[in-house]
Enquirer: 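Have a look at this one before I ask anything.
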Amino acid sequence: MDKHYNFQEIEKKWQQKWADEKIYQVQEQTDKPKYYVLEMFPYPSGNLHMGHVRNYSIGDVVARFKHMQGYNVLHPMGWDSFGLPAENAAIKHGVFPRDWTLSNIDNMRSQLQSLGLSYDWNREVATCLPEYYKWTQWLFLQLYKHGLAYKKHAAVNWCPSCATVLANEQVVDGHCERCDAVVEKKDLDQWFFKITDYAQRLLDDLTKLPGWPEKVKTMQHNWIGRSEGVEAIFKTEAGEDLPVFTTRVDTIFGVTYMVLAPEHPMVTKLTKGTEYEQSVREFIRKVQKLSNIDRTSGNLEKEGMFIGAYAINPVNGQKVPIWITNYVLMDYGTGAVMGVPSHDERDFDFAHKYNLPIIRVIAQDEQSADEPLTEAYTEIGVLVNSGQFNGLTNKPDAINAIAKWLEEKGLGKKVINYRLRDWLISRQRYWGAPIPMVYCEKCGMQPVPEEDLPIMLPTDVEFLPFGESPLKTSPSFGAATCPCCGGPATREMDTMDTFMCSSWYYMRYCDAHNDQAPWDKAKTDYWLSVDQYIGGVEHAILHLMYSRFFTKAMYDFGLISVEEPFTNLLTQGMVLKDGTKMSKSLGNVVSPEEIIDKYGADTARLFILFAAPPERDLEWNDSAVEGCYRFLNRIWKLVLNIYDRTDYTDSELTPEDCDLRRVVHMTLKKVTADISERFNFNTAISAMMELVNAMSAYKGNNGAMLKDAAEKLLIMLSPFAPHIADELWQLTNHSNTVYNTPWPAYNEAFLQQNEVEIAVQVNGKLKARLTIPTGLDKAAAEAHVRALPDFAKWLGDKQAVKVIIVPDKLVNIVVK
RNA sequence: GCGGACGUGGCGGAAUUGGCAGACGCACCAGACUUAGGAUCUGGCGAGCAAUCGUGAGGGUUCAAGUCCCUCCGUCCGCACCA
């Protein structure tokens, strides 16, 4: 027998065996509770990084543990495999996106397999394959049929250097994420999903997610940005409606000007043919130029100009000048804002700069109505200079009263605004799922019939660095037949945002090879929701919000039976080196392959789980990795020695035997709790280290006791380091794999000790430690302490006025 | 500016319900074994000669505070003219 811990051989052997015996494949089973563990699937960049290793190691511990606890565990893996990098590789190196992507997948799959993860590879999906994107397109059609997908003209982010459209999330502070060029706006016809229809439900249902981190829920809450207010209809002098949205309708008598977003359609209308036309046009051009970076940055100097027109205030008929500014956004509210300098800080600054009048309409009391303001008054107060509403408390009385009055007169209404915008899903790219729509000259826009799916990506395309979708270079793709009249039609040339593909993959895993439907409802009914989802916090809003929206829409269509996709969410921290994120440019990247080659997957997994709790950032440390390697080597030798020894004399249990047994069961208790209740794998591992220390230090001679300890150690170790656990399991005369061994329960009776060490304190300061029999009552414990030789010394000339006793923990003498 | 998280030895971290601060590991030191040690094993390891002092700083509550309350400082993250 080779007694050396040859991890390379062992890991290869067991990975092969697990795959051959298909031990990780699962079916629906009614006699067991199900448990769905999912880690966010990766983009197949070609190489695994430490962040992946961390993500998947965490998931694997949970999956293996739950399986051993008797759950029917679904633990799948796949590839988020559409996306821009494949297209860039095509432009740069002339490789076809599909070939590039599939070879990356092959490479990353074998890297993942070298980690020994318990995936059911039979359910593997790749979003870029027609078997998958057929159903992405089918789901698009369902959304379209239910009125949740629509097309409109919109301004999108355009990177002139990459010559392509960028998703919002690829724009960082107004710059292109990849090349750092300043992103421009470009007007294009775009497809949107009406996620705003679900704004309220997405917000409300956050309260139904106690298993999500508060941080993520707060971020989504802010992103949705619910705001209750009033839409008040101002009018132009010509009598046209000019509605504004305000949360402060109580200040409407203080309006001294109105501001429009430069893009507001009324601006050109109101200035056409006037002396202002030219200068307004220049102002708009200037604002739009810096709109991307500065307009949303917060430090922007407020600028504006009068456009020569006036608006009529609905509450008092007053005529106020209309301005345009760089700080009003077209896509929030109505793109028009009432200016109340007396009670809004921004308006106050603006009015100051341009000498606009300031009228106070809220004051601490009615007597101070005309006190001059040196800054905007934003506190609670009573209304003044507000006609019939004078004297009302502004919030909520005046707001309600004025809203009601406006509503009765048909001059406004209460509305709820959301910051959340509809989800722009079209991309002028090749490597995505084609949007299944055609355009007929006679019948207009038509959805592709479901039986014609998938609309396949053509291969006769050219990848040129010009920005137009490569799909447009395909001679075969564009021509289609109108499903309505049978006449000639052209295809939609845009593809879908890859976030669409990742919004439903967790449903597809339930029935990955179904070619009749995206999934069989009976199967999603069995598996969904995902019980534990694990991934990076960078998806806190985008992917996680889109998936929630998708789940709700699918629920409404009757396709699934759950309204939330992920019951519990764990957001793992980053893997750092030298205090910063690993990156090629900093040269501080540690490659998983390198570590696996040098120490093995078990060591890599163990280190990454031991170095920090999962939610926190983790600092990579080469010598701490060696420490984990040493730990596995110690176990290797310890366990084999236990089984090699022949000099055992199994007799009555000695106190030493009981001590060891106690440590075993304490460890079992702690490891079980740390995995299932807290996901604190670091403390679970340190508990196992303590057990190994105790086993090494054990001087007794009870073979049964030691073998039981070794057995339980291997079981507990197996979710963390499955290869070495299985190898030792086999070498110690066990059949099968630890994976199919039930997780043992600890025995409460074995945790009992005869004696405990308690703390002896005087006024809360530790004076001594004392060993006494367990379970002593308070009086007896106190007697032990009073009998201590130093007791009189601690008291000095003072009196013991009180004794606090925490049984089996401490005795605290309060002296005065 | 607003919101959130965090701050503990030389380092990563532990202390789960207010009850012995520093578990476990790394690094370091000493010893054993050894031709050798960057292997392995054993022991030590917050500061201080000590009494004592020690969880970012200051205050408070309590018999008792890393943990609860108040004020402040620092680091990180998210949002940032949202009317």
Side-chain angles (χ1 to χ4, degrees), chain A residues 213-219 221-223 225-227 229 244-249 251 259 261 294-302 325-329 331-340 344-347 349-350 417-420 537-538 540-541 573-574 576 579 606-607 610-613 615-628 630-631 633-634 637 670 673-674 677-678 680 682-693 696-697 757-770 801-816:
Chain A
E214 279 313 311
K215 179 185 169 156
V216 173
K217 287 190 279 188
T218 305
M219 282 167 74
H221 189 276
N222 293 340
W223 186 265
R226 184 183 202 269
S227 171
V244 299
F245 173 74
T246 179
T247 54
R248 294 297 309 276
V249 76
T251 65
V259 259
D294 300 317
R295 218 170 145 199
T296 52
S297 78
N299 310 319
L300 179 65
E301 172 74 20
K302 292 172 184 52
T325 73
N326 54 3
Y327 74 89
V328 172
L329 309 170
D331 49 6
Y332 184 78
T334 61
V337 176
M338 60 186 211
V340 186
D344 181 285
E345 281 164 32
R346 283 162 308 167
D347 296 348
D349 292 346
F350 192 78
N417 244 304
Y418 299 91
R419 217 182 67 110
L420 180 72
V537 75
E538 65 273 16
I541 293 173
M574 285 189 295
L576 310 177
L606 200 66
F607 166 74
F610 178 60
E615 308 231 47
R616 227 187 288 183
D617 286 348
L618 178 155
E619 174 72 22
W620 187 267
N621 180 335
D622 287 320
S623 41
V625 176
E626 297 214 30
C628 290
R630 273 203 291 269
F631 172 60
N633 270 291
R634 285 187 72 195
K637 281 184 255 176
K670 176 148 182 68
D674 280 353
E677 290 162 25
R678 309 199 303 164
N680 277 19
N682 56 332
T683 50
I685 293 167
S686 69
M688 288 188 276
M689 288 172 167
E690 286 179 84
L691 172 59
V692 168
N693 290 344
S696 305
E757 192 183 61
I758 63 161
V760 179
Q761 298 178 335
V762 174
N763 285 347
K765 302 280 181 213
L766 181 72
K767 291 291 175 191
R769 293 193 170 95
L770 175 65
V801 293
K802 200 171 169 188
V803 181
I804 309 273
I805 296 157
V806 182
D808 294 343
K809 282 236 166 108
L810 67 80
V811 173
N812 184 17
I813 317 285
V814 184
V815 305
K816 234 181 179 170

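Throughout, a chain's letter reflects where its sequence line sits, starting with A, and its residues are numbered from 1.
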Enquirer: How is A:D617 classified with respect to the nucleic acid when contacts are heavy atoms under 4.0 Å: base, sugar-phosphate, or nothing?
Expert: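 Sugar-phosphate, backbone atoms only, no base.
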Enquirer: Check whether any side-chain N or O of A:D617 sits under 3.5 Å from a backbone N or O of A:M574 as a donor-acceptor pair, and report yes or no.
Expert: yes
Enquirer: If we take the P atom in both B:U8 and B:U67, what is their distance in whole Å?
Expert: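 Per the computed distance, 14 Å lies between those P atoms.
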Enquirer: Compare the minimum distances between each of B:C82, B:G13, B:A23 and the side chain of A:L329, then state the nucleotide with the smallest one.
Expert: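 Closest nucleotide among those given: B:C82.
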Enquirer: Got a donor-acceptor contact below 3.5 angstrom from the A:N812 side chain to the A:G764 backbone?
Expert: yes
Enquirer: Once you round it to whole Å, what is the distance between C1' of B:C82 and CG of A:N326?
Expert: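 Those two atoms, CG and C1', are 15 Å apart.
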Enquirer: For the side chain of A:R419, starting at C-beta, report the closest nucleotide among B:C63, B:A15, B:C82.
Expert: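 Ranking B:C63, B:A15, B:C82 by closest atom to the A:R419 side chain puts B:C82 first.
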Enquirer: With a 4.0 Å cut-off on heavy atoms, is A:D344 in touch with a base, just the backbone sugar-phosphate, or nothing at all?
Expert: nothing
Enquirer: If you take atom types as modelled and just measure distance, does the side chain of A:R769 reach the base of B:C20 with a donor-acceptor pair under 3.5 Å?
Expert: yes
Enquirer: Considering all heavy atoms of both residues, which atom of A:R248 and which atom of A:M338 are nearest to each other, and what is their separation?
Expert: O-CE, 3.5 Å
Enquirer: Distance between the P atoms of B:C82 and B:U17, in whole angstroms?
Expert: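 Those two atoms are separated by 39 Å.
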Enquirer: Give me the atom names and distance for the closest heavy-atom approach of A:N682 to A:F610.
Expert: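 That closest heavy-atom pairing would be CB-O, 3.3 Å.
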Enquirer: Which helical stems does RNA chain B take part in, if a stem means at least 3 consecutive Watson-Crick or G-U pairs with both distances below 3.5 Å?
Expert: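 Stem segments, range with range: B:1-7 with B:73-79, B:10-12 with B:24-26, B:28-32 with B:40-44, B:56-60 with B:68-72.
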Enquirer: Select base, sugar-phosphate, or nothing to describe what A:V337 touches, counting heavy atoms under 4.0 Å on all strands.
Expert: base
Enquirer: Can you check the distance between B:G4 and B:A14, where both ends of the measurement are the C1' atom (answer in whole Å)?
Expert: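 It comes out at 24 Å once rounded to the nearest Å.
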Enquirer: Give me the atom names and distance for the closest heavy-atom approach of A:N417 to A:Y332.
Expert: CB-OH, 3.8 Å
Enquirer: Indicate whether OP1 or OP2 belonging to B:U52 is found under 4.0 Å from a side-chain N or O atom of A:K767.
Expert: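 Yes, A:K767 has a side-chain N/O under 4.0 Å of OP1/OP2 on B:U52.
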Enquirer: Take A:G335 and A:N812, find for each the nucleotide of RNA chain B with the closest heavy atom, and name the residue whose nucleotide sits nearer the 5' end.
Expert: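 Taking each residue's closest nucleotide, the earlier one in sequence belongs to A:N812.
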Enquirer: Hey, which sits more toward the 5' end of RNA chain B by its nearest nucleotide, A:N680 or A:I804?
Expert: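 The residue closer to the strand's 5' end, by nearest nucleotide, is A:N680.
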Enquirer: Looking at B:A23, B:U40, B:U16, which one has an atom nearest to any side-chain atom of A:K637?
Expert: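 Of the options given, the side chain of A:K637 lies nearest B:U40.
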Enquirer: At less than 4.0 Å, is any side-chain N or O atom of A:N693 found next to OP1 or OP2 of B:G25? Yes or no.
Expert: yes
Enquirer: Report the nucleotide, chosen from B:C82, B:C20, B:G12, that has the shortest atom-to-atom distance to any side-chain atom of A:A611.
Expert: B:G12
Enquirer: Pick the C1' atom in B:U55 and in B:G44, then give their distance to the nearest Å.
Expert: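 Going atom to atom, C1' in each nucleotide, I get 24 Å.
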Enquirer: Would you state whether a donor and an acceptor, one from the side chain of A:K302 and one from the base of B:C81, lie under 3.5 Å apart?
Expert: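 Looking at the base of B:C81, it does pair with a donor or acceptor on the side chain of A:K302 (distance under 3.5 Å).
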Enquirer: Rounded to whole Å, please give me the gap between CG in A:D349 and P in B:G1.
Expert: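 It is 16 Å, rounded to the nearest whole Å.
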Enquirer: With sugar-phosphate meaning primed atoms plus P, OP1 and OP2, does A:R226 contact a base, only sugar-phosphate, or nothing at under 4.0 Å between heavy atoms?
Expert: nothing
Enquirer: Please check the phosphate of B:A5 (OP1 and OP2 only) for any side-chain N or O of A:R616 closer than 4.0 Å.
Expert: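 Indeed not, no polar side-chain atom of A:R616 lies that close.
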Enquirer: Looking at every strand, decide which applies to A:E690 at a 4.0 Å heavy-atom threshold: base, sugar-phosphate, or nothing.
Expert: sugar-phosphate
Enquirer: What integer distance in Å separates A:N682:CG from B:U16:C1'?
Expert: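 Rounded to the whole Å, the gap is 12 Å.
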Enquirer: Considering every strand and a 4.0 Å limit on heavy-atom distances, what is the contact class for A:E677: base, sugar-phosphate, or nothing?
Expert: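 Nothing: the residue A:E677, judged by heavy atoms under 4.0 Å, touches no strand.
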Enquirer: Report the distance from atom NZ of A:K670 to atom P of B:A14, rounded to the nearest whole Å.
Expert: 10 Å
Enquirer: Rounded to the nearest Å, what distance is computed from the CZ atom of residue A:R248 to the P atom of nucleotide B:C81?
Expert: 19 Å
Enquirer: How long is the span from the CG atom in A:D674 to the CE atom in A:M688, to the nearest 0.5 Å?
Expert: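 Between atom CG of A:D674 and atom CE of A:M688 there are 9.5 Å.
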Enquirer: Check whether any side-chain N or O of A:T683 sits under 4.0 Å from OP1 or OP2 of B:U16, and answer yes or no.
Expert: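 Looking at the OP1 and OP2 atoms of B:U16, neither is under 4.0 Å from any side-chain N or O of A:T683.
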Enquirer: How far does the C1' atom of B:G58 sit from the matching atom of B:G10, given to the nearest Å?
Expert: 27 Å
Enquirer: Quick one: classify the glycosidic conformation of B:G9 as syn or anti, with syn meaning within 90° of 0.
Expert: syn
Enquirer: Taking 4.0 Å as the cut-off, does a side-chain nitrogen or oxygen of A:R630 come that near to OP1 or OP2 on B:A27?
Expert: yes
Enquirer: Given B:C20, B:C26, B:C82, identify the nucleotide with an atom nearest to the side chain of A:S623.
Expert: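 Among the listed nucleotides, the one closest to the side chain of A:S623 is B:C26.
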Enquirer: To the nearest angstrom, how far is A:E345 atom CD from B:A83 atom P?
Expert: 14 Å
Enquirer: Using atom CE of A:M574 as one end and atom P of B:A5 as the other, report the distance to the nearest whole Å.
Expert: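 These atoms are roughly 18 Å apart.
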Enquirer: To the nearest angstrom, how far is A:I805 atom CD1 from B:G19 atom C1'?
Expert: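 Rounding to the nearest Å, CD1 of A:I805 and C1' of B:G19 are 13 Å apart.
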Enquirer: When rounded to the nearest 0.5 angstrom, what distance separates CG in A:N680 from NZ in A:K670?
Expert: 7.5 Å
Enquirer: Heavy atoms under 4.0 Å, any strand shown: does A:G225 hit a base, just sugar-phosphate, or nothing?
Expert: nothing
Enquirer: Is there side-chain contact between A:I813 and A:K767, with heavy atoms separated by less than 4.5 Å?
Expert: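 Side chain of A:I813 against side chain of A:K767, heavy atoms only: no contact under 4.5 Å found.
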Enquirer: With side chains defined as the heavy atoms from C-beta onward, is the minimum distance between A:V337 and A:V244 less than 4.5 Å?
Expert: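 Side-chain contact under 4.5 Å: no.
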Enquirer: Which is true for A:F610 with a 4.0 Å heavy-atom rule: it touches a base, it touches only sugar-phosphate, or it touches nothing?
Expert: base
Enquirer: Is A:E345 atom CD crowded by more than 12 heavy atoms from other residues, nucleotides or ligands, each under 6.0 Å away?
Expert: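 12 or below, so no.
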Enquirer: To the nearest 0.5 Å, what is the distance between CG (A:N621) and CD (A:E626)?
Expert: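 If I round to the nearest 0.5 Å, the distance is 9.5 Å.
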Enquirer: Taking the C1' atom of each, how far is B:G18 from B:G12, in whole Å?
Expert: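 My reading of the C1' atoms in B:G18 and B:G12 gives 27 Å.
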Enquirer: If you measure from the C1' atom in B:A65 to the same atom in B:A15, how many Å do you get, rounded?
Expert: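 About 13 Å, rounded to a whole number of Å.
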Enquirer: Measuring only the C1' atom in each nucleotide, how far is B:G46 from B:C2? A whole number of Å is fine.
Expert: 39 Å
